[in-house]
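Hydrogens, waters and symmetry mates are skipped; everything else that's a heavy atom, side chains included, is used. Proteins get letters first, then strands, A, B, ... in listed order; numbering begins at 1 in each.
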2 protein chains.
Amino acid sequence: MANVVRGPSMHDVAARAGVSHQTVSRVLNGFAGIRPGTRDRVLAAIADLGYRRNVAARSLATGRSQAVGVLIPNTPDFGPTSSFYAVERALRDAGLQALSTTTSNDAESVDEALDFLFGRSIEALVLMAPTRAVLDVADARASDVPVAYLLTGGERAPWSVSVDQGQGVRLAIDHLVAHGHTRIQHITGPADATEAQLRKNAFVAETMRLGLSRLPMIEGDWSAQSGFDAGSHVDPSATAVFCGNDQMALGLIHALGLRGVGVPRQLSVIGFDDIPEAAHMMPPLTTIRQDFRRVGALAVDVLVAALAGEDLPDTTPLPAELIVRESVAGPGA
Amino acid sequence: MANVVRGPSMHDVAARAGVSHQTVSRVLNGFAGIRPGTRDRVLAAIADLGYRRNVAARSLATGRSQAVGVLIPNTPDFGPTSSFYAVERALRDAGLQALSTTTSNDAESVDEALDFLFGRSIEALVLMAPTRAVLDVADARASDVPVAYLLTGGERAPWSVSVDQGQGVRLAIDHLVAHGHTRIQHITGPADATEAQLRKNAFVAETMRLGLSRLPMIEGDWSAQSGFDAGSHVDPSATAVFCGNDQMALGLIHALGLRGVGVPRQLSVIGFDDIPEAAHMMPPLTTIRQDFRRVGALAVDVLVAALAGEDLPDTTPLPAELIVRESVAGPGA
DNA sequence: CTCCAGAGTGTTTGCGTTCACACTACGGTG
DNA sequence: CACCGTAGTGTGAACGCAAACACTCTGGAG
């Protein structure tokens, strides 16, 4: 305590401006009813002294932290990262502080991360929960603050913000079908990932609805490497593959190339996400775009509304968008 | 203030345990000289009440925030993101709180971000400064806290943590030369990016040292799209291209493919960074790997040492590593 | 001229914690 | 047996701010 340099306090500012510290507080908080001359003197004193309000004292006095926790999966993937950046920005714009922490998907790690966040008395939480395990851990602790869910694909509505996975999948399948494909195989994301399951379920539902052949699914883990590995398990009779994300599509196309299978000449491939690299893969990848930034911003809107006691904004899942490039052609074209 | 629910305080715990609040504090802070029985009673009371220490009050009393700011460029690229996650993790492991905020590279945005961070009275700062502009803004404000620099490529030593850009570039050039290339062209990162300039300078130095042909440089902006655009400006006499990063290499290879130029048959390409997708590009990309996570962790080590008043750890730039794949062959192979 | 309303400002208290210091009880020493 | 050191614990103040309340002017109505 002794060796810590403390900056000027309100009292110092007040002394210099010849007013009371309360007046300084009022100026700072934009209260009405301050004589312009007084306000100017206070402002000048603040500038002179380089005064900054002490956040700790403020939050102790008010009992509010102005902090919102953000739990981020520790994989530097384009989607979650984009959403996170959007969340951070929106939070700051709303005058809130983002308290972010990364975590792996195991229960212990999540629990520890939540301990950290709740320990800093966050007022709300953005939970990026790619797996049910993460969701379960979070559910296990009664949270007295509002929580917005990301990456859960609509689960926990209306508190979840998402892109409509089912609609995105249908966009993909219908595009393949429009090109004449009936034997479509699916490389899924990891079994524990909520969005992977949603895409898988939607894939099954849509192929059944359209009466398409049912080919075995191949499970990947989102990584390009797993897409590559999946390449050796592609059904010989398949004419198109719907990949759970773009990275796996990249790996798959690599593997196919090694086996002399041309995309899209011999096999069509469609991805999901539309990462920036998708446009420059060989061939450029036809895929389903998700607006990650918008999703992140909307999550903050939800929390801000909740904190203000207002009605929540509309959180029906946002539409995905088909991006047509060159990895899809007719079967046997 | 009235409508805010406040949790139990030290006094509540003390009352329940039949001790003074000071004893509770001592137990919490792990002071020696507490009778085991007393400690147990306090611990039990804490558990019963679900007591959590109030961070605001603590930091007001100590004058320390335990918070370390992290300034992140708002581009969700693999490298910075990986480093950021490593920083966040290391900070938490060190008992510090990461206060992260993203920013674009313009002065105003950076200034605003720094306002935010310093306004929360951070004790140290991890500055991810990809451009000189960011560095300049940060320099303009006298910071009384230690700052660790990332992405500056060794500038601001010993406070900067980086991968040795020069050595990485030499690795790349030497690899190309070993394959018989003498006409190597360079696609640079954006002119304002520090690391881009370092790579460029190292490229010039190394090609001169080896007496290689001097071909015009092409400026990109790190994006795959800019690499693609660069494709139409590749010198016809070049036999190899050294790309400032992997994404640009991806775009370049795409553009070359469109013009019927095979990689590496007709032109060799080498990247930089080794993003996870590099292994599955067509062809798999030979590139220079940077250990982003290690760099992030080391930045925290620097700050922790500085805060503890200890000697700084060794921050000589870390070595880059050549990853040989298939995008490099002999000229006219 | 007195009174009152209200604009503008000051005073006091409390937020939950740590720090500095004070106190108590107990055992050993001279 | 008085004394002192020390282990264990308590007391009061301070941290910087916001909230509640109290005060002092000024000008206009009566």
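- Taking atom CZ of residue B:Arg58 and atom P of nucleotide D:dG16, one finds them 17 Å apart after rounding to whole Å.
- Rounding to whole angstrom units, CG of residue A:Leu28 and C1' of D:dC17 are separated by 10 Å.
- Distance check: B:Gln97 CD to A:Ser100 OG gives 9.5 Å after rounding to the nearest 0.5 Å.
- With sequence neighbours excluded, the residues that form a side-chain contact (heavy atoms from CB on, under 4.5 Å) with B:Arg156 are B:Leu135, B:Asp139, B:Tyr149, B:Ser160.
- Paired with A:Trp159 under the rule side-chain contact (heavy atoms from CB on, under 4.5 Å), one option of A:Thr315, A:Leu312, A:Thr152 passes, and it is A:Leu312.
- Rounded to a whole Å, the CD1 atom of B:Ile46 is 13 Å from the C1' atom of C:dT17.
- If one axis is set at each end of the helix from C:dC1-D:dG30 to C:dG30-D:dC1 from five pairs, those axes are 70° apart, to 10°.
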Give me, pair by pair, the N or O atoms of the protein and of nucleotides 5-10 of chain D that are less than 3.5 Å apart, along with how far apart they are.
| from | atom 1 | to | atom 2 | distance (Å) |
| --- | --- | --- | --- | --- |
| D:dG8 | O3' | B:Arg35 | NH2 | 3.3 |
| D:dT9 | OP1 | B:Thr38 | OG1 | 2.5 |
| D:dT9 | OP2 | B:Arg35 | N | 3.0 |
| D:dG10 | OP2 | B:Ser20 | N | 2.7 |
| D:dG10 | OP2 | B:Ser20 | OG | 3.1 |
| D:dG10 | OP2 | B:Thr23 | OG1 | 2.7 |
| D:dG10 | N7 | B:Arg26 | NH2 | 2.7 |
| D:dG10 | O6 | B:Arg26 | NH1 | 3.4 |
| D:dG10 | O6 | B:Arg26 | NH2 | 3.3 |

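- Residues A:Asn54 and A:Ser9 have side chains not in contact (no heavy-atom distance under 4.5 Å, counting atoms from C-beta outward).
- Between the side chains of B:Ser109 and B:Thr103, at least one donor N or O lies within less than 3.5 Å of an accepting N or O.
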- Query: Between A:Val87 and A:Ile72, is a side-chain contact (heavy atoms from CB on, under 4.5 Å) present by the stated rule, with each step listed?
  - Reply: CA-CA 11 Å; A:Val87 164; A:Ile72 324 165; over 6 Å; no
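- Residues B:Leu303 and B:Leu91 fail the side-chain proximity criterion, which asks for heavy atoms closer than 4.5 Å.
- What separates CZ of B:Arg53 from C1' of C:dC15 is a distance of 17 Å, to the nearest Å.
- Within the nucleic acid shown, B:Tyr51 comes within 4.0 Å of sugar-phosphate atoms alone, with no base atom in reach, counting heavy atoms only.
- Residue pairs meeting the salt bridge (Lys or Arg N to Asp or Glu O under 4.0 Å) criterion with at least one member in residues 82-93 of chain A, sequence neighbours excluded: A:Glu88-A:Arg92, A:Arg92-B:Glu112.
- Every pair passing salt bridge (Lys or Arg N to Asp or Glu O under 4.0 Å) that includes a residue from residues 15-41 of chain A is listed here, sequence neighbours excluded: A:Arg16-A:Asp48.
- A sub-4.0 Å separation between OP1 or OP2 of D:dA18 and a side-chain N or O of A:Asn29 is present.
- The distance between atom CG of B:Asn54 and atom P of C:dT18, rounded to the nearest whole Å, is 10 Å.
- To the nearest angstrom, P of C:dG16 lies 13 Å from CG of B:Leu49.
- Residues from residues 8-15 of chain B with heavy atoms under 4.0 angstrom of DNA chain C, sorted by number: B:Ser9, B:Met10, B:His11.
- Nucleotide D:dG16 holds its C1' atom 5 Å from the CG atom of B:Leu60, rounded to whole Å.
- Within the 4.5 Å cutoff, the side chain of B:Asp12 has no heavy atoms near those of the B:Tyr51 side chain.
- Under the 4.5 Å side-chain criterion, counting only non-hydrogen atoms from C-beta, A:Ser59 is not in contact with A:Gln66.
- What separates CZ of A:Arg52 from P of D:dC17 is a distance of 13 Å, to the nearest Å.
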